[in-house]
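Report on one structure; see the data block that follows.
Fair warning: this is a prediction, and the values are worked out from it, not measured in the lab.
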Amino acid sequence: MAQPGYRCEHHVWSTAGATGPHLVNTLSTASADAAIRWLRRSITTLLLAFDVGDQARLGQWVETDHAKAFDDLRRGLPCTVATLQGDRQWSAGPVLFLPLLPPTGKPVIAYQPTCSRTRRRNEVE
């Protein structure tokens with residue numbers, strides 16, 4: 001019942017002396033393609049805020065170098081992209097998603113989570 005997928009994260013290290021990274025944003029997805037798209041979009045959103053060296057390097061990763069990361073993800077290897085100063089880092093890696101437990105009082109066999117908006121409307125009516 002476990003389903004393979006990918007977990008994407010964006011971490012920021014504070015320069016104010018705080019220990020450890022701070023998780024800024026995260027995404028869970030079922031495909032390597034969606035994981036790479038999220039990484040590219042997240043980096044592109046902040047690209048103009050970086051210094052010239054990071055802009056060029058991260059811009060190249062977004063445009064062409066992401067293909068190697070995509071191949072790595074499809075082979076089950078994690079990928080990481082970081083700024084030159086190391087204060088920001090984006091990563092994606094393979095994970096196994098486990099099914100959620102059913103609500104209290106519902107047997108496991110009968111529980112079918114509803115994700116579709118149409119299905120929820122039909123159940124309410």
Side chain to side chain contact (heavy atoms under 4.5 Å, CB included) between Leu58 and Leu47, worked out: CA-CA 7 Å; Leu58 292 173; Leu47 197 57; 3.7 Å; yes

Same apolar cluster: Tyr6 and Phe97, side chain cutoff 4.5 Å: no

Smallest separation among heavy atoms of Ala69 and Ile36, with atom names: CB-CD1, 3.8 Å

Nearest heavy atoms of Thr29 and Ala35, plus distance in Å: CG2-N, 3.7 Å

Worked verdict on Ser91 versus Leu39 for side chain to side chain contact (heavy atoms under 4.5 Å, CB included): CA-CA 8 Å; Ser91 61; Leu39 290 173; 6.0 Å; no

Leu48 side, atom CG; Leu46 side, atom CG - distance, nearest 0.5 Å: 9.5 Å

Chi angles and distances behind the salt bridge (charged side-chain N to carboxylate O under 4.0 Å, His left out) call for Asp71, Arg75: CA-CA 6 Å; Asp71 290 339; Arg75 288 184 312 196; over 6 Å; no

Donor-acceptor contact below 3.5 Å, side chain Asp72 vs main chain Pro78: no

Check: Trp90 and Thr80 side chains under 4.5 Å, non-hydrogen atoms: no

Separation between NE2 of His11 and CG of Asn25, rounded to the nearest 0.5 Å: 10.5 Å

Heavy-atom check, side chain of Pro21 versus side chain of Val12, under 4.5 Å: no

Euclidean distance, Ser28 OG relative to Glu9 CD, rounded to 0.5 Å: 8.5 Å

Sole candidate of Gln89, Arg88, His22 that passes side chain to side chain donor-acceptor pair (under 3.5 Å) when paired with His10: Arg88

Shortest non-hydrogen separation from Cys8 to Thr26 and the atoms involved: O-OG1, 2.9 Å

Spacing of Asp33 atom CG and Trp38 atom CH2 [to the nearest 0.5 Å]: 15.0 Å

Inter-residue atom distance Arg37.CZ - Ser31.OG, 0.5 Å rounding: 6.0 Å

Over 12 non-hydrogen atoms of neighbours within 6.0 angstrom of CZ in Arg57: yes

Aromatic plane relationship, His66 with Trp61 - under 30° parallel, 30 to 60° tilted, over 60° perpendicular: perpendicular

Single-linkage hydrophobic cluster Ile43~Phe70, side-chain heavy atoms < 4.5 angstrom: yes

Linked, directly or transitively: Leu27 and Val81 (ILVMFWY side chains, under 4.5 Å): yes

Joint cluster assignment, Val95 & Leu73, ILVMFWY side-chain distance < 4.5 Å: no

